[in-house]
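Inspection log for the structure reproduced underneath, given as structure tokens.
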Amino acid sequence: LRVVDEAWTDLRPASLRVEHALRTFRAYPDDVAAAHRARGHWIGQTFTDLLDAAVERFGSRPAVIDGDRVLDYHGLDRAVRALAERLADDGIRRGDRVVLFLPNVAEHPVAVFALALLGALPVFALPAHRERELADIATRSAARAILTLGRPADAADADYAGIAGRGAPAGVRVLLVASADLDAPAPASRRESPARPDAVAFLQLSGGTTGGPKLIPRTHDDYLYSVRESAAICGLDEHSVMLVALPASHNFTMSSPGILGAIAVGACVVMCPAPSPDIAFPLIERHGVTTVALVPPLLIAWLDATHGERLRSLRTIQVGGAKLSEAVARRVRPELGCTLQQVFGMAEGLVNYTRLDDDEETIVTTQGRPISADDEVRVVDDHDQPVPTGTPGHLLTRGPYTIRAYLADDAVNRSAFTADGFYRTGDLVSVDDRGYIRVVGRAKDQINRGGEKVAPEELENLLLGHPVVHDVSVVGVPDDTLGERIAAYVIPRRDLEQAPRAIELRRFLADRGVARFKLPDTIEFVAAFPTTGVGKVSKVRQRTPESAAR
Ligand code: OOB
């Protein structure tokens, strides 16, 4: 492992705040935790326990496939233990946060379990993140290190180590994991994990929101409950083969049922370097893939690429992260010959699935129902009053795997949770008398670009830093494929001699180290923004392109 920089002290204040928050963090009130244990939801299992149990039961079955490399469960266990020793030698300790910046490679699950074995906390960055996001994530989580890939993942892939090196704040080291780690011999002595099942296992990042991403602390107990239930709901067993096509670090890919669900039941995960049909379809045929998770724009791309030919081995396609249109949903069974499963989830907790044996109308017209009978779902009006069944309203939720607070963010927590511990999802839904949910809109100021979450505020602040920009408003506008695309309306400075150009603003953002998926799809220069009756910028009108410039 390469040590790039070694001065911890610059991070002290953030570090102390996060350390203190983690040390004093009570994920759930004691009586609630006791109830979840009594109900058999929380079974005292850590990530390491989950892996150990799988290794014991499924030892020589294939666990992870990446290109020509196959790790069976014993091989996975060896690689995890070897990497854990190396990370320990490098100073990673129980409770340390380590930003995981890895694409879909075998090293990804190895690193997750290696950190768990040390009791260290992965912080899940996305491979699309760039210097700016990495720096922000590392600072927010007061990370000790960024763990990234020390080999080229793919000819066309990003220079992860370079990005991490440039993005790492002073004092945050860049540690590299590479293929050689997968072949390292297991250490002589068997390390015991110091992690406690009721402790925080990792930090996920909330989708882009006002004020930047928030840290989502999930415990082993709560998360693995959702993982085990998800695996059962999705019918996974040791004969399942899961293609990991979405970013491995996303909560959907990790846990719904995802990589962890697959490992829990002895299934095989096939790491897919990119989700496009030309890369994914050959892997499906070669490995007999039975299940895959996609976001709606990818499903559309897959449907359009099959020309009626069936992906024979595929039994289920899960689709989530953004609203799937009914018209597209209806194409899945006739055109791909497999069962669609809609997944409406959030890194904060609650996950809803249509069930595999639901009738076709339910599958194509709803976003499913919660994992657990103990998931509480409340639909309320603007004054937090419950609305009648079937009426759209704000979705609030509480339950055995939904967080009660973000980490170290008291101000946000006061508005993101009700006094009695319900999480305000920011989603507008209706729930039918069977408990099935339909997502009908969103109340939070967030753009959902085909499942990737973008905060308009972040882009507005960045663009305001450009010399031609007098004012800017960023909104999501409806898009047939993406669901929403990103539109930036810019009022240029008056005294400009030359008209500003959109391409320059895009380059300006890219140069600031922003993930590509956040770059505006359209930038339009306007004289003024449409306003509401009280003179505020009307984002609602900007979302309907015809009225945007007025
Ligand atoms: C998943 O997690 P996040 O944290 O990236 O985003 C959560 C938000 C939800 O609050 C909702 O606004 C939106 O993404 N969303 C959907 C949806 N699934 C997620 N909106 C409409 N229809 C759907 N099916 O995106 C996530 C986490 C676990 C499993 C699946 C998705």
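Both ligands and their constituent atoms are indexed starting at 1 by order of listing.
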Q | Nearest-contact summary for atom 24 (N) of ligand 1 - protein heavy atom, Å | A | V343 O, 2.8 Å

Q. Where does K444 meet ligand 1, judged by heavy-atom distances below 4.0 Å: at the side chain, the backbone, both, or neither?
A. side chain

Q. To the nearest 0.1 Å, how far is atom 28 (C) of ligand 1 from its closest protein heavy atom, and which atom is that?
A. N251 ND2, 3.5 Å

Q: Could you give me the CA-CA distance, side-chain angles and deciding distance for K444 and E348, then say whether salt bridge (Lys or Arg N to Asp or Glu O under 4.0 Å) is met?
A: CA-CA 15 Å; K444 52 193 167 191; E348 284 82 355; over 6 Å; no

**Q.** Protein contact to atom 18 (N) of ligand 1 [nearest heavy atom, distance to 0.1 Å]
**A.** G321 N, 3.0 Å

Q.
Looking at D479 and R485, is any side-chain nitrogen of the basic one under 4.0 Å from a carboxylate oxygen of the acidic one?
A. yes

Q.
Testing the basics here: between N352 and G368, what is the closest heavy-atom pair and its distance to 0.1 Å?
A. CB-C, 3.9 Å

Q | Per-residue contact class, N448 against ligand 1 - non-hydrogen pairs under 4.0 Å | A | side chain

Q. Touching ligand 1 at all, H250? Heavy atoms, strictly under 4.0 Å?
A. yes

Q. Is the closest basic N to carboxylate O distance between R331 and E326 below 4.0 Å?
A. no

(Q) Just to be sure I'm reading this right: ignoring hydrogens, which of A347, S206, G320, A322 gets closest to atom 23 (C) of ligand 1? Compare them by their nearest heavy atoms. (A) A322

Q: Show which atoms of ligand 1 fall inside a sub-4.0 Å distance from at least one heavy-atom site of K323.
A: 20 (N), 21 (C), 22 (N)

Q | Q446, portion touching ligand 1 at heavy-atom distance under 4.0 Å | A | neither

Q: Compute whether any side-chain donor of one residue and acceptor of the other, for Y401 and D375, lie under 3.5 angstrom apart.
A: yes

Q: Report the relative orientation of the aromatic rings in W42 and H36; use parallel for angles under 30°, tilted for 30 to 60°, perpendicular for over 60°.
A: tilted

**Q.** Short N-O contact, D384 and R424, less than 4.0 angstrom
**A.** yes

Q. What is the nearest protein non-hydrogen atom to atom 30 (C) of ligand 1, stated with its residue, atom name and distance?
A. F252 CG, 3.4 Å

Q | Nearest protein heavy atom with distance in Å, relative to atom 14 (O) of ligand 1 | A | K453 CE, 3.0 Å

Q. Is the closest heavy atom of G207 to ligand 1 under 4.0 Å?
A. no

Q | F124 and H108 aromatic ring geometry - parallel, tilted or perpendicular at 30°/60° bounds | A | parallel

Q.
One thing to verify: whether R434 and D358 come together as a salt bridge, which I'm taking to mean a side-chain N less than 4.0 angstrom from a carboxylate O.
A. no

Q: Check each atom of ligand 1 against the heavy atoms of V439 and keep those under 4.0 Å away; list them by number with element.
A: 21 (C), 22 (N)

Q: Taking atom types as modelled, find out whether T418 and D420 have a side-chain donor-acceptor pair closer than 3.5 angstrom.
A: yes

Q.
Counting non-hydrogen protein atoms only, what is the nearest one to atom 7 (C) of ligand 1? Give residue, atom name and distance.
A. G345 O, 3.3 Å

Q. Of all the non-hydrogen atoms in the protein, which one sits nearest to atom 12 (O) of ligand 1, and at what distance?
A. D427 OD1, 2.5 Å

